[in-house]
Amino acid sequence: MLDFLGDLRRTHMCGGLRASDAGKKAVIMGWVNRRRDLGSLVFLDVRDRTGITQVVSDAETNRTVHDKTVGLRNEYVVAVIGTVKRRDANTVNKNIPTGEVELVADELRILNESKQPPFLPGDTVLPNEELRLQYRYIDLRRDAMQRNIELRHRVALAIRDYLSSQGFFEIETPFMTRSTPEGARDYLVPSRVQMGSFYALPQSPQLFKQILMISGFDKYFQIVRCFRDEDLRADRQPEFTQIDLEMSYPQPERVWEVVEGFLTAAFKSAGHEIKTPFPRMDYDDAMRQYGIDKPDLRLPAFTEVRDCFAAENLQTLAVHAELPVIAIRIPKVGELSRKERDDLKPMFHSKGGAKLFEDFKRIEKSFPDAAAKIRAKAAAAPEDLIVLVTGSAQSGGMESHPANKRKVTPQEMAIYASAGLIRVALGQKYAERHGLFKYGDFRFLWVTNFPMFEYDEQEKRFVAAHHPFTSPHEEDMDKLESDPAMVRALAYDVVLNGTELGSGSIRIHRQDIQRQIFHALGLTEEEARSRFGFFLEALQYGTPPHGGIALGLDRIVMILAGADSLREVIPFPKTARAVDMMCEAPTPVSEAQLKDLGIVVKPPAGQK
Ligand code: ASP
């Protein structure tokens, strides 16, 4: 079909022609982005993923070509053979790299027609997202999406190159496997051959990568899809891509060094220099200073201001005198209006009796001394917003909490966490005013020394804070049974601008300890054996100490693209209801298929 190209073996990319090509023959192929008909002159913008070339057809010099342009519509696929010509000075388009030239068409082929698309790649106003997802192939033709997908490619390639240069092998692990707990529901795949049995799609390759360490591949990585059936939040996808890695014999610092290395390469591929090593912070400090385990370092930390108040002030304010009194400062927000203050109240989610003082002016009026000290201690400029979060006089009742001996008690933690959430909410709400969320300001952080267990208030027992293969600190081992609250995990998270990019840990490599952990988590021998028997078995065959981490590729690319949704950087994403709008998955399947699998679908209760 393309034989007319003759000996012009090389076609040109639409974004590639320059003034220095003037006088040369060129062939381009692409979509009609726009057609302007000026009578005897027709201009076509022909587009491919590299850009746009203006094609000109002049009825006076080439009638045949000109006649063909009459039938052209947006998104038709064409091939144009022509001669590159410099544009007249007054028609140069400085906005595009090919703007100094045009291609004078000698020959035009319509390679395919197109239905009128529901929106055009060149439209400046975007249609609603459902339509974009339904016609994803048109949406992906848009410049911004082409750039995002290219960025994704470059980032993944840089990571692969870096890890490979450090001796890591990329090794595939199965998608049809058995369940590994990462805290979500499994997607199940029914087996036809063994009717009634199911594979689980991996929530992560956790156990396989650990088994690869037992198998002698001491540096593994994989850019891999993971599947988690959870109720989708704004920044989640049921299938997502992780940069998963594992290595034998590492200290946590060695894992961090590798991650910092590949992130440096990834960010460089997107044109950004980042500074390493990243700062490190204990979980306790993160909670005390930011009230969250993924602090956004672009906004100021809390200031503890209890000592700015006289004892009777606290009493008057009905503030608990022994719990933290936290000042949150958001720069340059200015004074809040009455309405803005009212809007703030529902944004505050009080835990453990935490109280919000959103009207600092009133504090200033009633307690001028305390307010002045707070301003000074928090280094607040007059235009900075200050809100206070405190315990209320009645806070308490956690005295018998099993984690009460922790450095930060559960009662304090509740105040910090309440403050942490409102700090994040204020930061987001007033982003325009404080101007601290600038693209390109990348503030990385390692958060370490998490507690090994979390206390589940409903179930009244300790549950794993991480997956159950995470190793406790050596020196805390003796507290596993006697005082689980005090056991720290050899776990770490890498955080960027308030987003958790990834988490990992040093693993348990001894079967006896793994057993102890299962026990501490309330798993009986039988349960442990039936779920992880193969793994417990493998651990007994000379397992080297090992550890690793996994980072979300989609998130990294989203941040680098400056996008506000994962869907902007995933070619074929799902909606919040886990639907693929383009191919309309999931769908019911035929009776015959179900029969093969021995499955009978019962409508949920209450539905016919
Ligand atoms: N498997 C963990 C996850 O997917 C990461 C890790 O511990 O390496 O979050």
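As the structure is a computational prediction, the values presented were derived from the model and not from experiment. Ligands are counted one by one from 1 in listed order, and the atoms in each one are counted from 1 as well.
- Using a 30° and 60° split on the angle between ring planes, Tyr135 and Tyr137 fall in the perpendicular class, above 60°.
- Neither the backbone nor the side chain of Gln203 has any atom closer than 4.0 Å to an atom of ligand 1 (non-hydrogen atoms only).
- Under the 4.0 Å criterion applied to side-chain N and carboxylate O atoms, Arg192 and Asp596 are not assigned as salt-bridge partners.
- Counting only non-hydrogen atoms, the option in Gly504, Gly502, Ser204, Ser503 that gets closest to atom 5 (C) of ligand 1 is Ser503.
- Close contacts of ligand 1 with Ala550, meaning ligand atoms under 4.0 Å from a residue heavy atom, involve 5 (C), 8 (O).
- Annotation for ligand 1: atoms under 4.0 Å from non-hydrogen atoms of Ile549 are 8 (O).
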What donor-acceptor contacts under 3.5 angstrom involve side-chain atoms of residues 273-285, with partners at least two apart or in another chain?
residue : atom : partner : partner atom : Å
Asp282  : OD1  : Thr448  : OG1          : 3.4
Asp282  : OD1  : Asn449  : ND2          : 2.9
Asp285  : OD1  : Arg288  : NH2          : 3.2

Mind listing the side-chain donor-acceptor pairs of residues 194-205 below 3.5 Å, one per line with the distance, residues two or more places apart or on another chain?
residue : atom : partner : partner atom : Å
Gln203  : OE1  : Glu182  : N            : 3.1
Gln203  : OE1  : Ala184  : N            : 3.1
Gln203  : NE2  : Ala184  : O            : 2.8
Gln203  : NE2  : Asp186  : OD1          : 2.7
Ser204  : OG   : Glu182  : OE2          : 2.5
Ser204  : OG   : Gln206  : N            : 3.1

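- Distances from atom 4 (O) of ligand 1 to the heavy atoms of Gln210, Gln242, Glu246 put Gln242 nearest.
- Counting heavy atoms under 4.0 Å from ligand 1, residue Arg228 touches it through the side chain alone.
- With distances taken over non-hydrogen atoms, the option nearest atom 3 (C) of ligand 1 out of Gln206, Arg507, Glu182, Lys209 is Glu182.
- Ring pair His546/Phe469: centre-to-centre distance not below 6.0 Å.
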